[in-house]
Trainee: 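Can you read through this structure? Questions will come right after.
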Amino acid sequence: MQNLFLVKKSIALALLFSSTYLFAQEDKELNPVTRTYAITNANIIQSPGRKIEKGTVVVKDGLIQAVGVSVSIPPEAIVIKADSMFVYAGFIDGFSRVGVSKPKEEQKERPKDPGKPTNERAGITPQNDVRNFLNPNDKAIEELRNIGFTVAQVVPYGNLLPGQAAIVSLGAKTADGMVLVSNSAMYSELSTAENVYPATILGVMAKWRDLYRQATAAKSNQSLYASNRVGLERPLSDRSLEAFYPVIDQRMPMIFKAEKMLETQRVMILKNDLKFSLMMGDLKEGWPIINKIKSSGAKVFLSLDLPEEVKKDDKKEKEEPKKEDQPKSEGELEKEALEKRKADAIANFIGQAASFSKAGVPFGFSVMSAKPKDIPTNLRRMIAAGLSEDAALASLTTTPAQLLGLSDRMGSIDNGKMANLVITDKSYFNEKAKVRYVFADGNLYKMEVKETKKTDPNAKVEIQGSWSTTTDSPQGKSTNKVAFKKEGSNYSGTISGGRLPNEVSLKSVTLEGNSLTYTYTLNFGGRSVDVEVSATVEGDAFKGNANVGQFGSFTIEGKKDPK
């Protein structure tokens with residue numbers, strides 16, 4: 001992927017087209033030339049079921065300014081010609097740890113009294129704030145953004161009660177800048193710390209109830225003391241218990257990691273006993289109890305991690321089939337039954353989203369345990385298992401926005417909403433679709449898409465002579481002169497013009513069939529950067545990409561000048 005446009009775009013363009021001025025500022029935080037963009041002639045999927053053909057979206061200062069067919073394009077706008085492409089609202093991850101740093105593992109000694117560990121030792125730190133662990137440079141942010149996610153609800157690492165969640169933008173450059181909603185939920189999981197109480201799941205549930213009821217009593221005492229302090233002993237402050245107060249008041253939901261059916265049922269038992277608002281994240285085995293989940297009113301984020309397909313055993317299929325009158329052994333029957341149960345469980349897992357949709361349970365998705373590279377494929381597997389494309393899109397956009405209380409800011413492409421957009425060259429759920437651009441919080445990211453080269457190793461082309469080249473970027477077009485010279489069977493050359501201060505020699509010019517590659521090095525202020533061009537030549541023209549290393553890749557076209 002091409003990295004950040006806001007800063008690196010300017011640097012990359014400087015490398016290609018400019019001189020020392022911009023390069024001298026490489027280490028500084030550069031503002032973009034403009035934060036106004038116009039995405040034109042696109043298929044705009046405003047929300048599931050709402051589509052505009054050949055429409056335009058105008059983005060300005062991080063917000064969607066206009067959407068429609070007859071939209072005026074501001075003169076300062078960078079125009080993205082999205083002919084026949086698809087524009088969607090940015091996807092929302094309801095539950096993960098993307099962008100959250102994991103605390104260093106520390107050797108935890110067994111306490112003298114394992115039955116009475118400190119809260120920290122037992123994993124009881126509900127007052128911890130995930131904002132203290134955000135890392136905007138986390139590689140996982142880029143990986144998730146590359147496939148269209150622009151917002152995530154993230155939780156801290158830990159057991160039992162690790163701390164409080166936040167909803168973050170995946171398009172910010174600082175930890176504070178990432179935060180869209182702080183303290184969006186209190187996070188818990190029914191897991192235990194090592195070698196201390198509570199050491200079992202039932203022990204965790206007992207401790208959970210005890211903490212919640214202590215917090216309820218502490219809150220009541222503090223309210224009583226606040227109403228009349230005369231003659232009353234001052235109640236002691238306890239940050240762990242006070243962290244529960246917004247949950248007790250139902251101003252903040254609890255979000256539990258609840259993968260398996262039994263775990264889900266236990267979480268719902270706690271909710272029913274204590275009456276808090278419940279979210280369940282990374283749910284993998286909820287289909288057997290859909291009706292219970294529906295009646296609980298819990299907000300659900302289904303896992304985007306799916307089990308692998310069951311591969312056919314070709315060797316087994318080639319085995320000589322048994323005669324009908326030859327009875328199967330008890331072991332063979334048991335093995336067959338086991339394989340069938342396994343296949344059924346996998347089919348139910350893949351079909352879980354379709355089952356929830358059919359049952360009328362609104363749900364979003366969680367990427368907590370999913371690998372980003374598998375997510376598009378897993379979505380298609382869910383669709384093949386009965387989930388409609390509109391329902392899949394809703395679970396990525398409008399529904400999580402609603403579940404997280406963000407509908408006024410995101411989830412659809414409408415005027416005034418955050419500029420969180422995904423632009424693909426085909427329908428997102430098409431197997432061959434590629435994400436071309438992502439807007440996150442109004443910041444543009446362009447994906448590196450390697451064009452299919454129509455190379456012909458037997459083609460006869462000649463490049464010697466002068467060429468006019470045009471490099472296209474979101475900041476506009478820039479033209480240069482490239483001269484190729486043939487010496488024997490080898491080529492050399494130079495590049496000049498445009499905003500380059502001096503003529504630069506080309507290196508490694510190769511022409512194999514109609515496949516042309518060359519590189520050159522730009523030197524600015526004692527720094528040097530290699531530009532690698534690869535293109536396909538057809539007659540007196542070529543088309544390809546100019547790769548500027550970490551700064552990204554830009555399309556380049558060349559046309560041979562008349563002699």
Trainee: If you take the centroid of each ring, where Trp contributes its six-membered ring, are Trp287 and Phe356 closer together than 6.0 Å?
Mentor: no
Trainee: Asn480 side chain to Gly497 main-chain N or O, any donor-acceptor pair under 3.5 Å?
Mentor: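 Judged by distance alone, yes, a pair lies under 3.5 Å.
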Trainee: Is there a donor-acceptor pair under 3.5 Å between the side chain of Lys294 and the backbone N or O of Ala359?
Mentor: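 Checked: pair present.
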Trainee: Which heavy atom in Thr398 sits nearest to a heavy atom in Gly411, and how many Å separate them?
Mentor: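 Reported closest heavy-atom pair: CG2-O, 3.3 Å.
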Trainee: Decide whether Gln164 and Asn183 meet the rule of one side-chain donor and one side-chain acceptor closer than 3.5 Å.
Mentor: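 Judged by distance alone, the side chains do pair up.
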Trainee: Which residues pass the salt bridge (charged side-chain N to carboxylate O under 4.0 Å, His left out) test with Glu557, sequence neighbours left out?
Mentor: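 None.
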Trainee: Which residues pass the salt bridge (charged side-chain N to carboxylate O under 4.0 Å, His left out) test with Asp390, sequence neighbours left out?
Mentor: none
Trainee: Before giving the answer on salt bridge (charged side-chain N to carboxylate O under 4.0 Å, His left out), spell out for Lys60 and Glu76 the whole-Å C-alpha distance, their side-chain angles and the decisive distance to 0.1 Å.
Mentor: CA-CA 10 Å; Lys60 185 171 185 178; Glu76 75 275 18; 3.6 Å; yes
Trainee: Can you classify the ring geometry of Tyr88 versus Phe86 as parallel (below 30°), tilted (30 to 60°) or perpendicular (above 60°)?
Mentor: parallel
Trainee: Within the 4.5 Å heavy-atom criterion, are Arg97 and Val155 side-chain neighbours or not?
Mentor: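 The answer is yes, as the side chains (C-beta and beyond) meet within the 4.5 Å cut-off.
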Trainee: Determine the sole option in Ile92, Asp93, Ile167 for which the side chain to side chain contact (heavy atoms under 4.5 Å, CB included) test with Gln153 is passed.
Mentor: Ile167
Trainee: Quick test of your reading of the model: are Arg131 and Asp129 salt-bridged, counting only N-O distances below 4.0 Å?
Mentor: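 Salt bridge present between Arg131 and Asp129.
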Trainee: Are the side chain of Asn443 and the backbone of Gly171 linked by a donor-acceptor contact shorter than 3.5 Å?
Mentor: yes
Trainee: Between OG of Ser357 and CD1 of Ile290, what distance do you get to the nearest 0.5 Å?
Mentor: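 Taking OG in Ser357 and CD1 in Ile290, the distance rounds to 10.0 Å.
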Trainee: When rounded to the nearest 0.5 angstrom, what distance separates CD1 in Ile556 from OG1 in Thr479?
Mentor: 11.0 Å
Trainee: Looking only at heavy atoms, which two atoms of Ser412 and Ile64 are closest? And how far apart?
Mentor: O-CD1, 4.3 Å
Trainee: Check whether any side-chain N or O of Asn128 sits under 3.5 Å from a backbone N or O of Gly163 as a donor-acceptor pair, and report yes or no.
Mentor: no
Trainee: Shortest non-hydrogen contact from Arg145 to Leu170?
Mentor: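 The answer is NH1-O, 2.7 Å.
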Trainee: Indicate the atoms forming the closest heavy-atom contact of Pro362 with Leu403, along with that distance.
Mentor: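 Smallest heavy-atom distance, with atoms named: O-CD1, 4.5 Å.
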Trainee: Ring pair (Phe, Tyr, Trp, His ring centres under 6.0 Å) with Phe95: which of Phe301, Phe256, Tyr187?
Mentor: Tyr187
Trainee: Assess, by modelled atom type and distance only, whether the side chains of Ser466 and Lys560 contain a donor and an acceptor separated by less than 3.5 Å.
Mentor: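 Not at all, the side chains of Ser466 and Lys560 share no donor-acceptor pair under 3.5 Å.
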Trainee: Please report the closest heavy-atom contact between Val168 and Leu180, naming both atoms and the distance.
Mentor: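 Heavy-atom minimum between the residues: C-CD1, 4.0 Å.
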Trainee: For Arg50, is there an ion pair with Asp414 - N to carboxylate O distance below 4.0 angstrom?
Mentor: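 Yes, this pair counts.
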Trainee: Tell me, yes or no, whether the heavy-atom count around Asp61 atom CG, taken from other residues, nucleotides or ligands under 6.0 Å, exceeds 12.
Mentor: yes
Trainee: Which residue pairs pass the salt bridge (charged side-chain N to carboxylate O under 4.0 Å, His left out) test with at least one member in residues 361-382, sequence neighbours excluded?
Mentor: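 Every salt bridge (charged side-chain N to carboxylate O under 4.0 Å, His left out) pair that includes a residue of residues 361-382, provided the two are not neighbours, is Glu309-Arg381.
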Trainee: As an exercise, state the distance from CG of Asn43 to OG of Ser84, rounded to the nearest 0.5 Å.
Mentor: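 The OG atom of Ser84 is 7.0 Å from CG of Asn43, to the nearest 0.5 Å.
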Trainee: Between Tyr37 and Phe439, is the gap from one ring center to the other below 6.0 Å?
Mentor: yes
Trainee: Salt-bridged, Asp540 to Lys559, with N to O below 4.0 Å?
Mentor: no
Trainee: Can you tell me if CD on Gln250 sees more than 12 non-hydrogen neighbours from other groups inside 6.0 Å?
Mentor: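 More than 12 within 6.0 Å, yes.
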Trainee: What are the two closest heavy atoms between Ile423 and Ala82, and how far apart are they?
Mentor: CG2-CB, 4.5 Å
Trainee: Would Phe91 and Tyr428 count as a close aromatic pair, with their ring centres under 6.0 Å?
Mentor: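 Close enough - the centres of the two rings lie under 6.0 Å apart.
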Trainee: Examine the side chains of Ser468 and Lys481 and answer whether a donor and an acceptor come within less than 3.5 Å of each other.
Mentor: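 Yes, side-chain donor-acceptor contact under 3.5 Å.
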